[in-house]
Number of protein chains: 2
Amino acid sequence: MSSGTPGRDAPERRPALTRGRIVRAAIGLIEREGADALSMRRVAAELGVAVMSLYNHVPNKGALLEGVAEHVVSGMELQDDPSAPWQERVRALVRAFRTVAHEYPRCMTIVLTRRFDTTVGLRPAERALALAEAAGFDGVTAVRIMRALMAYALGAQMREIGFGKMLHHLDTSPAENFAKLDAATFPHVIALGPELARHDPEADFEFGLDLLVGALEALPRARSAR
Amino acid sequence: MSSGTPGRDAPERRPALTRGRIVRAAIGLIEREGADALSMRRVAAELGVAVMSLYNHVPNKGALLEGVAEHVVSGMELQDDPSAPWQERVRALVRAFRTVAHEYPRCMTIVLTRRFDTTVGLRPAERALALAEAAGFDGVTAVRIMRALMAYALGAQMREIGFGKMLHHLDTSPAENFAKLDAATFPHVIALGPELARHDPEADFEFGLDLLVGALEALPRARSAR
DNA sequence: ACCTGAACACCGTTCAAGT
DNA sequence: ACCTGAACACCGTTCAAGT
């Protein structure tokens with residue numbers, strides 16, 4: 001009758017309800033059923049508690065979403081090789097966001113939408129600023145570089161998972177859908193149809209990243225790179 | 001007793017209910033009160049009709065949101081000067097997205113989140129591909145350039161309106177908040193605090209755009225630019 | 001300090017009924 | 001073809017009551 005867990009005394013069946021457990025349950029629910037399926041009631045059911053119990057650890061649903069965004073962002077693994085050239089370290093930083101975005105694909109809309117003000121969001125910013133300085137850029141430029149890199153990291157993901165689906169009807173069955181396009185207004189889209197239908201998000205991502213890093217290399221610097 | 005409108009016969013007080021009127025009412029509501037305030041019931045009330053009347057023109061709320069996204073994107077003004085150098089035409093294209101994003105700031109999360117499959121979304125894609133070809137790039141490269149430009153356009157906006165607020169607590173009262181940061185883990189953020197607190201989204205946007213366009217100029221081309 | 005059930009004011013959407 | 005009210009199954013959150 002003994003289960004795998006050390007059941008002696010069995011003081012409490014479930015671990016204590018905490019903000020962390022609530023946030024993780026929410027993330028699991030979102031990844032399994034999508035962001036629309038998230039409700040306080042569903043999360044409570046998942047954890048086997050009454051709805052109102054959640055409110056002892058989270059002030060409201062907005063705060064829960066904030067917690068989800070924070071948790072995802074804090075999952076960014078910002079490993080760094082200080083001996084590598086700054087170009088490669090920049091690439092690694094931007095890729096780190098892409099990696100976490102792939103880990104929590106359905107949570108991304110929340111991350112991209114909800115604002116939160118924990119310091120976890122500052123970690124990638126700090127890293128980007130540090131790298132820009134290592135590359136020899138002055139402070140003003142470093143801030144702008146950080147913002148451009150963040151814009152690309154966010155946008156590349158956004159385009160890949162959501163807005164890219166602007167071309168949604170081209171994806172499913174290209175041949176049929178391209179036929180419906182007006183040849184006069186969309187000549188290039190039609191001509192490049194096969195290429196547009198092909199999906200290599202990795203290559204697309206790296207292409208844009210190369211553009212940016214290359215542009216940074218060409219940018220005049222205050223000091224020479226370390 | 002005659003009002004400004006030509007009231008003779010006064011055949012119907014309100015214009016007919018259409019998908020267009022519903023979408024525009026939704027957009028107005030979102031811009032006035034935020035995306036969370038949008039509900040079928042609120043839209044119906046706004047238009048002075050019963051909730052269920054909406055369902056004669058829109059299958060469900062998701063489709064309404066799709067309509068909102070479409071309407072906003074179709075508002076992109078893609079004027080073009082074919083005699084201008086392609087670099088400037090590319091800039092104008094990317095700026096067009098930024099402009100519409102500023103026109104409907106609170107609708108942007110929906111545009112960036114909802115997928116829709118009308119051809120309006122293909123207009124900027126077609127333009128980007130045309131410009132890339134005019135610049136002398138081959139088809140495969142043109143598609144990748146288009147995607148990189150879209151990623152930046154989306155991300156720059158995203159960062160400015162939402163995720164940028166990751167640094168939210170730095171914005172409000174910099175001095176006080178920077179003091180709370182751990183000096184050992186965020187040295188650059190702290191050192192560049194004043195610069196981070198300064199807001200010139202226009203300059204930030206143009207900086208990143210310059211990086212990308214400059215990178216395109218440096219990219220090897222199949223043919224010389226027209 | 002934490003948990004809970006009942007209640008309230010909202011949702012989106014189905015259905016059956018009207019014109 | 002379009003509109004409508006009632007009803008259903010859900011929401012988030014307040015409140016008062018428990019331990």
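Note on naming: letters A, B, ... go to the chains in the order of the sequence lines (proteins, then strands), and numbering restarts at 1 for each one.
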Student: For the pair B:R21 (side chain) and B:A16 (backbone), establish whether a donor and an acceptor sit closer than 3.5 Å, ignoring hydrogens and angles.
Tutor: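 The answer is yes, because a donor-acceptor pair under 3.5 Å joins these two groups.
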Student: Remember a base hit wins even if backbone is also touched, and classify B:M52 as base, sugar-phosphate or nothing at under 4.0 Å, heavy atoms.
Tutor: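 Touches a base.
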Student: What is the base-pairing partner of C:dC2, counting Watson-Crick and G-U wobble geometry with both distances under 3.5 Å?
Tutor: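 Paired with C:dC2, as far as the under-3.5 Å criterion goes, is D:dG18.
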Student: Please classify the nucleic acid contact of B:S39 as base, sugar-phosphate, or nothing, using heavy-atom distances under 4.0 Å.
Tutor: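 The residue B:S39 makes sugar-phosphate contact but no base contact.
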Student: Is B:E70 paired with B:R114 through a side-chain N to carboxylate O contact shorter than 4.0 Å?
Tutor: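 Here B:R114 does not pair with B:E70 in a salt bridge, since their nearest N and O are not under 4.0 Å apart.
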Student: Indicate yes or no: does B:R123 engage A:D182 in a salt bridge with an N to O separation below 4.0 Å.
Tutor: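 Looking at A:D182 together with B:R123, the answer is no, because their closest N to O distance does not fall below 4.0 Å.
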Student: If D:dT13 has a Watson-Crick or G-U wobble mate with both distances under 3.5 Å, name it; if not, just say none.
Tutor: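 Its partner is C:dA7.
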Student: Could you check whether any side-chain N or O of A:H57 sits under 3.5 Å from a backbone N or O of A:L17, counting only pairs where one atom can act as donor and the other as acceptor?
Tutor: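 Side chain of A:H57 to backbone of A:L17, a donor-acceptor pair under 3.5 Å: yes, one is there.
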Student: Indicate, with a heavy-atom threshold strictly under 4.0 Å, whether B:V49 touches base, sugar-phosphate, or nothing.
Tutor: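 Here B:V49 touches the backbone only, sparing every base.
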Student: Can B:R95 and B:E206 be said to form a salt bridge (charged side-chain N to carboxylate O under 4.0 Å, His left out), step by step?
Tutor: CA-CA 9 Å; B:R95 284 188 196 118; B:E206 293 291 333; 2.7 Å; yes
Student: Does anyone know the first and last nucleotide of DNA chain C in reach of chain A, 5' to 3', at under 4.0 angstrom to a heavy atom?
Tutor: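 With heavy atoms of chain A under 4.0 Å away, the range is C:dC2 to C:dA7.
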Student: Here's one to test your reading of the geometry: is the NZ or CZ of A:R98 within 45 degrees of the ring axis of A:F205 and under 6.0 Å from its centre?
Tutor: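 Yes, a cation-pi geometry.
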